Amino acid sequence: MFNKYDVIVVGSGIAGLSFALKVAEAGKQVAIITKKNSAESNTNYAQGGIAAVTSQSDDLEMHIRDTLDAGDGLCDPLAVREILRDGPGSIDELVQCGVAFTQLQDGRVSLGKEGGHSKRRILHVKDITGKAIEKALLDAVDNSSLIETMEHHFAVDLITSKKISGQDLDNFDGVDRILGLYVLNEKTQKVETFAASAVLLATGGIGQIYEYTTNPSIATGDGIAMAYRAGVEVSNMEFIQFHPTAFYTTQAERFLISEAVRGEGAILRNLEGEAFMGRYDTRQDLAPRDIVARAIDAEMKKSGARHVWLDVRSIPKATLHERFPNIYEYCSKQGIALEEDMIPVVPAAHYLCGGVKTQLNARTGLTGLYACGEVACTGLHGANRLASNSLLEAVVMAKRGAVAVLEDLAKSYQKSELLPDWLDGDLHNSDERVILTHNRDELKRILWDYVSIVRTDKRLERARTRIEVLEREINDYYWDFKVDVSLLELRNMIQVAALVVRCAIQRKESRGLHFTLDHTQKSERIKDSSLKAY
Ligand code: FAD
Ligand code: SIN
C-alpha cells in the first residue's frame, strides 16, 4: 500500500500536534501517525506546568540564568535565549487554542514554583496541565480539514535517498534526503510505505528503557533509534533526568508526585524523620532535580531504605484539594490521606535531555527530516533540564520547525513512485516470543542497576557488554520473523540504551545528570557528546 503526503508528523504529543496545526494553518496537508490512541503521550501526564516569564516581578534574564545554572555549563546560550524569549508568545497561542490555565481569585494567572526556578513562573492547569494541553490541541486538530490522524500506526524506519540510491532514483543528486517512511498499520499488521517531502519526528522520550519510570509505555525512543539508523547525529544521550519524587510502589510505571508540591512547601524526610535536603544544598527541597535525586539516592543507600518521605502536612487542606486534585485522588486510592500521612517517594527515570541533534528551526542533519519535543536536542537543557522547560521547548520549537518546513517545501522534490515496498517475503510469525519479554525485562534492569543516578566506569562497562549481547540477539531475531510492535519497540529500546551507555562512557567527568564516582570533577574539555551511525 502506498500513501503520499507533503508533510508527515510522527507523534501526537504537544510537539507533533502544535507543529501539525501550524503547517495546516499555512494551507498544507499533513498526516499525523501515532502508535496508540492520539492522546497517549508523555504530554498527557504532565503535571507541574509550563515555564514562561509572564509576571511583572519576573524577567527573561532570570529565567535564562536559572536554565543555564541547571544545565551545568552545557546549555547552548543562544538556544536558551531564543526559546525562552519565544515562551510568552507560545503561551498566548495555547490560551487561544483553549487551554484554560488556572487563575487566582483576582483573575491573575496562578504561577507555581519548582526546583531551580528563582521565581514563581509555572503556568498550570491544577495538576493536570498536560491533559488540558493535549485535549485543547487534539480538539483543534480534529477541527482542521487539512490534518489526517492515523492512530495505531507505528513508524518503523525512515526512507532516505542514500538508502535506496542503488534503485535508480530519478533526480538523485547525491544529497541524502528524506523520502518517506515505513509504517506498521496495526489493524492490518502490514507495513505500508508513506512518501513525504518532510517528516517531523515528535516521538518523545525513552523512559521505558529503565525498570522504574514516570513515563507511559509509549516512551521507547523510537524516533531517536530511527534517526540514528538513518545516519543522523544524536547527542547528549547520557543526560537522563530522574525525577526525585515518584510514588513508591513495586510497579514499574510510577505515578509522579509533582515538584510543584514542594513548591507549595512540602519537604523531604528520611525514615528517621529528618528533613535532610539542607545538608545537600542551600536551596534545600527546591534545589535542581539532579541534586535532589542524588541526595535521596544517598539517603536511601546510607540507611538501606526503599524510599524516603514527602511531608505535605504543612500545606493547607484547601490548597491540596484545589491545586493537586489528581495527586490527592491517587494517594487516597493508595490509602494515603495527605492531611495526616506522608507520601513514600523514590526517584524514577523521567526525561531525556539529549536526542536527535537539531538547529533552532528543528532541522536535523538529514534534509527534509525535522525533530522537536523530547526526541530532539536543541541545546536548551544542557546537562540537566530546568523543571517545566520541556513543554515550553516543545511548543516553541514546533512553531519554529513549521516555519522552516514551509520554507523548505518550496524547494524540495521527490520521485516517490520509486520508493520500494517493505519486503517480509515468506517470514512467519515468531514462536519464540519469550525472548522479547525476557530481553525487555533484562534491558530495563541493566539500565536501572548500572546506568542510573550514580555511575562508575565498571558499571557502565558491565552495561555495555550486556547490551551488546541483547543487540546481537534482537538483530538475529529481527531478520527472521515478521515485525510487530513489541519487536520493533524492543529493537529501538536496545539501540537507544546502547547510545546512552556509549555517551556515558565517553564522558569522563561528573556534570549535571551524569555523576560518576570515578571522575567526580568537571572537565573543561568535554562539551556535547555526539554519535553518528555512519
Ligand atoms: P510525547 O508527548 O511523549 O508524544 C510522543 C508521541 O509520539 C506519542 O503520541 C507517541 O505515541 C508517539 N510515538 C512514539 N513513537 C512512535 C512511533 N514509532 N510511531 C508512531 N508514533 C510514535 N514537562 C514539563 O515541561 N512540565 C511538566 O509539568 C511535566 N510533567 C511531566 C510529568 C510526567 C509524568 C512525565 C512523564 C513528563 C512530564 N514532563 C513535564 C515532560 C513532558 O511531558 C514531555 O517532555 C513532553 O510532553 C514531550 O512531548 P512530546 O510531544 O515531545 O512527546
Ligand atoms: C513535575 O510536575 O514535577 C514535572 C515537571 C517537569 O518534569 O518538568
Side-chain angles (χ1 to χ4, degrees), residues 8-19 32-52 112 114-117 122-125 127-131 133-134 137-138 149-157 181-184 186 200-208 213-226 241 243-246 253-263 289 292 324 326-327 348-353 355 371-376 381 385-395 397-398 485 488-489 492:
I8 294 178
V9 174
V10 188
S12 55
I14 185 172
L17 297 175
S18 306
F19 173 90
I32 300 179
I33 63 167
T34 189
K35 68 180 176 179
K36 287 203 164 184
N37 298 323
S38 320
E40 193 52 11
S41 56
N42 276 10
T43 302
N44 205 40
Y45 297 88
Q47 293 186 358
I50 176 163
E114 291 178 16
H117 287 275
I122 321 291
L123 293 100
H124 59 94
V125 181
D127 58 353
I128 49 162
T129 311
K131 199 174 207 163
I133 292 177
E134 184 73 20
L137 293 173
L138 279 175
T149 306
M150 285 167 254
E151 296 183 324
H152 303 286
H153 279 62
F154 189 108
V156 178
D157 256 322
L181 68 168
Y182 293 116
V183 176
L184 174 67
E186 283 195 61
L200 175 84
L201 293 175
T203 48
I206 67 168
Q208 283 293 327
T213 178
T214 62
N215 291 190
S217 64
I218 55 102
T220 51
D222 303 338
I224 295 170
M226 277 191 279
Q241 186 168 72
H243 196 291
T245 57
E253 271 164 40
R254 290 184 162 170
F255 181 83
L256 185 76
I257 307 294
S258 174
E259 203 155 294
V261 179
R262 274 176 283 135
R289 267 183 206 170
V292 182
F324 304 113
N326 183 33
I327 293 173
H350 182 64
Y351 183 84
L352 171 67
C353 295
C372 67
E374 193 166 339
V375 70
H381 308 308
R385 172 181 65 108
L386 184 66
S388 289
N389 264 357
S390 49
L391 291 174
L392 184 77
E393 182 193 42
V395 72
M397 288 304 300
V485 168
L488 293 169
E489 282 189 343
N492 291 335

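The model shown is predicted, which means the values in this text are computed figures rather than measured ones. Numbers for residues simply follow the sequence, beginning at 1. Order of appearance sets the numbers: ligands from 1, and atoms from 1 within every ligand.
- Contact analysis puts H350 in contact with ligand 1, with a non-hydrogen atom separation below 4.0 angstrom.
- Against a heavy-atom cut-off of under 4.0 Å, F154 is close to the following atoms of ligand 1: 18 (N), 19 (N).
- Numbered from 1 in the order shown, with element, the atoms of ligand 1 that lie under 4.0 Å from a heavy atom of V10 read 19 (N), 20 (C), 21 (N).
- Using a 4.0 Å cutoff on heavy atoms, N215 counts as a contact of ligand 1.
- In D222, the part holding a heavy atom less than 4.0 Å from any atom of ligand 1 is the side chain.
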Using a 3.5 Å cut-off on N/O to N/O, what pairs does ligand 2 make with the protein? A line per pair would be great.
{"from": "ligand 2", "atom 1": "2 (O)", "to": "G48", "atom 2": "N", "distance (Å)": "2.9"}
{"from": "ligand 2", "atom 1": "2 (O)", "to": "S258", "atom 2": "OG", "distance (Å)": "2.7"}
{"from": "ligand 2", "atom 1": "3 (O)", "to": "H243", "atom 2": "NE2", "distance (Å)": "2.7"}
{"from": "ligand 2", "atom 1": "3 (O)", "to": "E259", "atom 2": "N", "distance (Å)": "2.7"}
{"from": "ligand 2", "atom 1": "7 (O)", "to": "R289", "atom 2": "NH1", "distance (Å)": "3.0"}
{"from": "ligand 2", "atom 1": "7 (O)", "to": "R289", "atom 2": "NH2", "distance (Å)": "3.3"}
{"from": "ligand 2", "atom 1": "7 (O)", "to": "H350", "atom 2": "NE2", "distance (Å)": "2.7"}
{"from": "ligand 2", "atom 1": "7 (O)", "to": "R385", "atom 2": "NH2", "distance (Å)": "2.8"}
{"from": "ligand 2", "atom 1": "8 (O)", "to": "R289", "atom 2": "NH2", "distance (Å)": "3.4"}
{"from": "ligand 2", "atom 1": "8 (O)", "to": "R385", "atom 2": "NH1", "distance (Å)": "2.7"}
{"from": "ligand 2", "atom 1": "8 (O)", "to": "R385", "atom 2": "NH2", "distance (Å)": "3.4"}
{"from": "ligand 2", "atom 1": "8 (O)", "to": "S388", "atom 2": "N", "distance (Å)": "2.7"}

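- Nearest heavy atoms, V156 versus L184: CG2-N, 3.7 Å.
- The contact set between ligand 1 and E40, taken as ligand atoms under 4.0 Å from a residue heavy atom, comprises 8 (C), 9 (O), 10 (C), 11 (O).
- Ranking protein heavy atoms by distance to atom 26 (N) of ligand 1, first place goes to G49 O, 2.7 Å.
- When non-hydrogen atoms are compared, ligand 1 lies under 4.0 Å from the backbone of T214 as well as from its side chain.
- The only member of Q47, Q241, H350, R254 that meets side chain to side chain donor-acceptor pair (under 3.5 Å) when paired with T214 is H350.
- Look at E393 and R385 and you find no salt bridge, because none of the NZ, NE, NH1 or NH2 atoms lies under 4.0 Å from a carboxylate O.
- Using a non-hydrogen distance threshold of 4.0 Å, A394 does not register as a contact of ligand 1.
- Contact annotation for K35 and ligand 1: heavy atoms of both the backbone and the side chain come within less than 4.0 Å of the ligand.
- Using a 4.0 Å cutoff on heavy atoms, T34 counts as a contact of ligand 1.
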Verdict with reasoning, K131 to E134, per salt bridge (Lys or Arg N to Asp or Glu O under 4.0 Å)
CA-CA 5 Å; K131 199 174 207 163; E134 184 73 20; over 6 Å; no
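- Neither the backbone nor the side chain of M397 comes within contact range of ligand 1; no heavy atom lies under 4.0 Å.
- There is a side-chain donor-acceptor pair under 3.5 Å between S38 and E151.
- Under the 4.0 angstrom criterion for non-hydrogen atoms, R385 is in contact with ligand 1.
- For F255, the ring-ring contact (aromatic ring centres under 6.0 Å, His included) test picks out Y330, with sequence neighbours left out.
- Here is the list of ligand 1 atoms found below 4.0 Å of a heavy atom in G48: 28 (O).
- Each of the following atoms of ligand 1 lies closer than 4.0 Å to a heavy atom of H153: 19 (N), 20 (C).
- Between the side chains of N326 and D127, no donor-acceptor pair of N or O atoms lies under 3.5 Å.
- Residue-to-ligand polar distances keep Y45 apart from ligand 1: every N/O pair is separated by 3.5 Å or more.
- Residue contact check: A15 has heavy atoms under 4.0 Å from atoms 51 (O), 52 (O) of ligand 1.
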